[in-house]
Structure formats: structure tokens, C-alpha cells
Amino acid sequence: MSEIKVVELFAGVGGFRIGLEGWKGRSAFTGFEKKLNSHYKVIWGNQWEPSTKTQDAFYVYSSRFDGKHSNQDISKVIAEDFSQIPDHDMLVGGFPCQDYSVARTLNQAAGLKGKKGVLWWSIHKILEKKIEKRKPVKYLMLENVDRLLKSPATQRGRDFAIMLSSLANLGYAVEWRVINAADYGMPQRRRRVFFIGYHKSTPTYKKLLKLKDKRSWIMQDGVIADAFPVNNDSQTQPQIFKGNLSTSLLELTENFNKKAKSSPFKNSGIMINHEYLTIDTTPDFNGKETTLLDIIIKDENEIPSEYFIDENSLKSWNKLKGAKKEIRVSKDGFEYEYSEGSMVFPDALDKPSRTIVTGEGGSSPSRFKHVICSPISGRLRRLTPLELERLNMFPDNHTKLNYISDIKRAFFMGNALVVGIVDKLGRSFSKEIL
Ligand SMILES: C[S@@+](CC[C@H](N)C(=O)[O-])C[C@H]1O[C@@H](n2cnc3c(N)ncnc32)[C@H](O)[C@@H]1O
């Protein structure tokens with residue numbers, strides 16, 4: 001295989017694509033300075049925003065990349081026009097953390113069903129249908145919030161257990177790791193869980209099955225460990241936890257981890273044939289840190305005036321960013337004491353930035369928006385869309401189009417991923433599979 005054909009689901013503005021293919025042949029991890037020599041080719045993508053009529057992320061993606069890009073609810077594509085999803089080697093996407101539980105269908109013959117609108121089951125359906133066609137998708141690269149490993153609160157880790165077990169049922173082995181981009185020299189403290197899957201028809205699956213010491217795959221030999229090394233000192237080996245997920249999805253839904261307070265899944269792990277091994281690893285990185293100061297625009301003449309915080313709103317910003325202890329009333333009328341600590345205000349310039357959230361755009365005061373103190377004039381200002389793109393390691397002005405507002409551009413970045421992570425994973429992955 002000299003070319004890895006990729007389908008990109010939940011594509012947003014194309015973070016996975018830029019990470020895997022590079023941009024104009026150059027690698028995101030090197031700030032688009034060095035050539036990437038990518039073997040990946042996205043042959044079909046899908047992006048549909050359910051909450052708005054305008055499909056701005058789709059327009060950005062379509063205006064930046066060639067090829068087939070679908071703008072329909074993915075569950076509709078699967079139900080009504082599955083043939084438009086081409087056979088492919090690798091499926092990638094960042095999908096939401098939702099309730100993955102299953103129920104028995106009323107019609108017993110139809111088996112189990114997940115809740116409507118839960119996008120995990122769309123991914124699962126595509127994999128299942130391709131297997132039925134004898135064209136299994138060989139590889140997966142997926143991303144989610146790290147909370148997935150622990151949700152829901154009433155049955156810690158249940159949703160992840162269902163996800164892993166349903167992949168094992170389809171013949172996939174999975175390795176996972178929670179990666180904080182800033183731990184590996186990237187400019188944002190954004191912690192996400194990444195999964196890599198190998199179908200049983202691949203040499204890597206067969207290799208994993210034979211592997212006696214699966215711990216070594218997590219700690220040094222696996223695709224994720226190669227891209228993102230962890231401390232592997234023989235004196236201080238972290239504890240290994242093992243488990244088995246070979247019961248039915250219904251049984252996992254109803255009974256998984258009902259009594260324990262914490263999830264059995266640690267930040268790193270591997271699962272094959274329903275058996276998992278999981279370890280809490282720590283990053284091993286001695287390179288240079290990238291700080292907020294490194295990425296911001298220094299020339300204030302390039303910053304539109306609305307980004308500066310005016311005297312009148314400063315009081316509200318201070319209040320929202322500050323610590324609070326107050327009595328609030330819940331929806332059902334109960335009074336309770338609410339407290340929260342203070343945020344660093346303005347944001348520290350000598351550290352990687354905090355996580356960008358989808359509400360980052362717009363001038364109204366907020367607890368979570370970034371505010372920096374300009375190193376030149378000392379004036380306080382918010383971050384521009386270009387700076388937010390840099391925090392996710394996108395090419396400058398990737399989302400800039402005439403009809404796209406700054407608020408939308410900030411929203412895209414709150415939804416996107418740190419492209420440098422996918423770049424590094426992709427390079428390590430292609431070494432393993434080509
Ligand atoms: C977490 S974001 C992924 C962002 C992407 N990785 C990027 O780099 O921009 C999830 C995306 O899934 C899209 N989405 C949500 N529901 C969808 C559905 N039913 N069909 C297709 N796309 C959907 C959202 O609009 C959003 O852009």
C-alpha cells in the first residue's frame with residue numbers, strides 16, 4: 001500500500017486532514033516549514049452542523065480542499081445513500097462524548113439499538129457495513145474529550161467500555177492515550193483522548209495478538225508511544241490494570257462498574273480480543289515549550305480595536321474571572337452555595353495557553369475567553385481568530401473567508417484539535433503500516 005485512503009468524518013474545518021496530509025506538502029508540527037512526505041489521501045469527507053442553517057465549517061473545508069465533501073447528517077447518508085462512502089483504508093474523526101448505552105429493540109430479531117443521534121453508532125455502522133461488503137476499514141484514528149474514559153458519572157467508564165467492546169465485536173484492536181498537546185511542546189494545554197484501531201485483517205493486529213508483553217506496546221513500541229514517548233524507567237514502573245469486556249453490550253450497559261467510584265480505564269491502554277491492559281503513563285519530553293507569547297501578534301496595529309478591553313467593561317471581566325462564593329437558586333427552587341476559584345487574569349504569556357472553548361469569540365466579558373496583556377503597550381485584549389488558529393497549529397487564516405464572522409472562526413477553533421498531534425501520530429502510524 002503506497003497510498004493510505006482516508007475518510008474524514010465530523011470534519012469541521014479539517015484538522016485531521018491537515019495533520020495527515022500536511023498543508024501545501026508541509027508539516028503542521030514544524031510550523032509548515034518542513035516537508036511532510038505524507039502517504040495519506042482524504043478521498044471523502046463529511047461535515048454537517050445540526051444546530052445552524054448555515055454550514056460555515058463545511059464551506060471553509062470545501063474552499064480549502066479539493067475532492068468529495070458531503071454536507072448531510074452522517075446518519076442520513078448511512079441510511080439513505082451509503083454507496084457514496086467509498087471503500088477506504090482508514091477512518092478518522094473527532095466525535096462527541098454522548099451516552100453510548102444500548103437497549104434491546106422491541107422487535108427481538110433486530111437485536112440491540114443505541115440512542116438516536118449518538119454519533120458513535122454512525123461510525124460503528126460504517127465499519128460494520130464495510131465488513132459485510134468484505135471491504136473492512138483496516139485502520140482507525142479517532143479523537144474525543146478525555147471525559148469519555150470516565151463517563152457517565154453513575155457508571156464510571158461504561159461508555160468507553162461499550163465503545164471498546166463494540167469495536168472488538170467487529171474485529172478491531174485499539175490502543176489509546178490521553179494527550180495534552182502542551183506536554184509535548186505544542187502551544188495549547190488541550191487534553192484529548194486519541195484512539196488508534198487495527199482490524200484483524202492487518203499485520204499489526206496479528207503482531208499484537210502474538211505479543212506476550214503488551215505493556216511494552218503502551219510504554220515504548222506502539223504507534224502512540226513512538227510519537228509521544230512516556231517515562232519508562234524500570235525503577236518506577238506504573239501499575240498495570242487488566243480487564244475483560246467480552247460480555248454483551250446490553251450487560252455492559254446495565255451492569256458495568258456500578259459500584260466503584262472511579263473508572264477502571266487509565267490514561268493509556270490497549271485492547272485486543274475484548275481483553276484490555278491499562279496504565280497511567282506520564283509524558284517524557286525534554287524539548288522546547290511553546291508559550292502564548294511565542295504565537296501572538298506583536299504589532300498592535302494589526303489588532304482590530306474591538307479586541308481591546310475598554311474601561312467600562314473591565315469591572316465585569318474582573319468579576320467573571322474572579323473567585324466567588326454566593327447563594328444561587330436551582331431550577332427546582334432550592335438555594336445552594338456556589339463557589340469557584342479565580343482564573344489567571346490576564347492569561348500568562350510565558351506558558352502554553354489554556355484550552356480554547358467554543359464560546360471564545362465575541363466581545364462580551366466572559367470567564368473562559370482568553371485575555372492577554374499586550375507586551376508592547378500593556379493594554380488588555382482578547383485573542384484574534386488568527387492567534388486561536390495558531391494555538392491549534394492550523395495554517396494562518398485557514399478559516400478566514402469574507403462571509404465568516406470572527407465569532408464563528410473562534411467557534412471552529414473551540415471544536416477543532418491540535419493539528420500537530422495528528423501530524424505526529426500520522427507519521428508514526430505510517431511507519432508501522434507501510
Ligand atoms: C468536535 S468537532 C470536530 C472538529 C474537527 N476535527 C476539526 O478539526 O475542525 C465535531 C463536528 O461534527 C459535526 N457534526 C455534528 N453532528 C453531525 C452529524 N450528525 N453529521 C455530520 N457531522 C456532524 C459538527 O458540526 C462538528 O463540526
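In each ligand, atom 1 is the first atom listed, and ligand 1 is the first ligand listed.
Classification of Glu128 and Lys125 as a salt-bridged pair holds, one side-chain N sitting under 4.0 Å from a carboxylate O. A salt bridge is defined here as a Lys NZ or Arg NE, NH1 or NH2 lying under 4.0 Å from an Asp or Glu carboxylate O, and Glu80 with Lys76 fails to meet this definition. For Arg382 and Glu306, the salt-bridge test fails: no basic side-chain N is under 4.0 Å from an acidic carboxylate O. For the pair Arg191 and Asp183, the salt-bridge criterion is not met [side-chain N within less than 4.0 Å of a carboxylate O]. With salt bridges taken as basic N to acidic carboxylate O contacts below 4.0 Å, one links Asp294 and Lys288.
Among residues two or more places apart in sequence or in another chain, the salt bridge (charged side-chain N to carboxylate O under 4.0 Å, His left out) test is passed with Arg190 by none.
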Give every pair made of an N or O atom of ligand 1 and a protein N or O atom lying under 3.5 Å apart, one pair per line with both atom names and the distance to 0.1 Å, or write 'none'.
unit_1, atom_1, unit_2, atom_2, d
ligand 1, 8 (O), Gly15, N, 2.9
ligand 1, 9 (O), Val13, N, 2.9
ligand 1, 14 (N), Trp48, O, 3.1
ligand 1, 19 (N), Asp73, OD1, 2.9
ligand 1, 20 (N), Ile74, N, 3.1
ligand 1, 22 (N), Trp48, N, 3.2
ligand 1, 22 (N), Trp48, O, 3.0
ligand 1, 25 (O), Gln47, NE2, 2.9
ligand 1, 25 (O), Trp48, O, 3.4
ligand 1, 25 (O), Glu49, OE1, 2.7
ligand 1, 27 (O), Gln47, OE1, 2.9
ligand 1, 27 (O), Gln47, NE2, 3.2

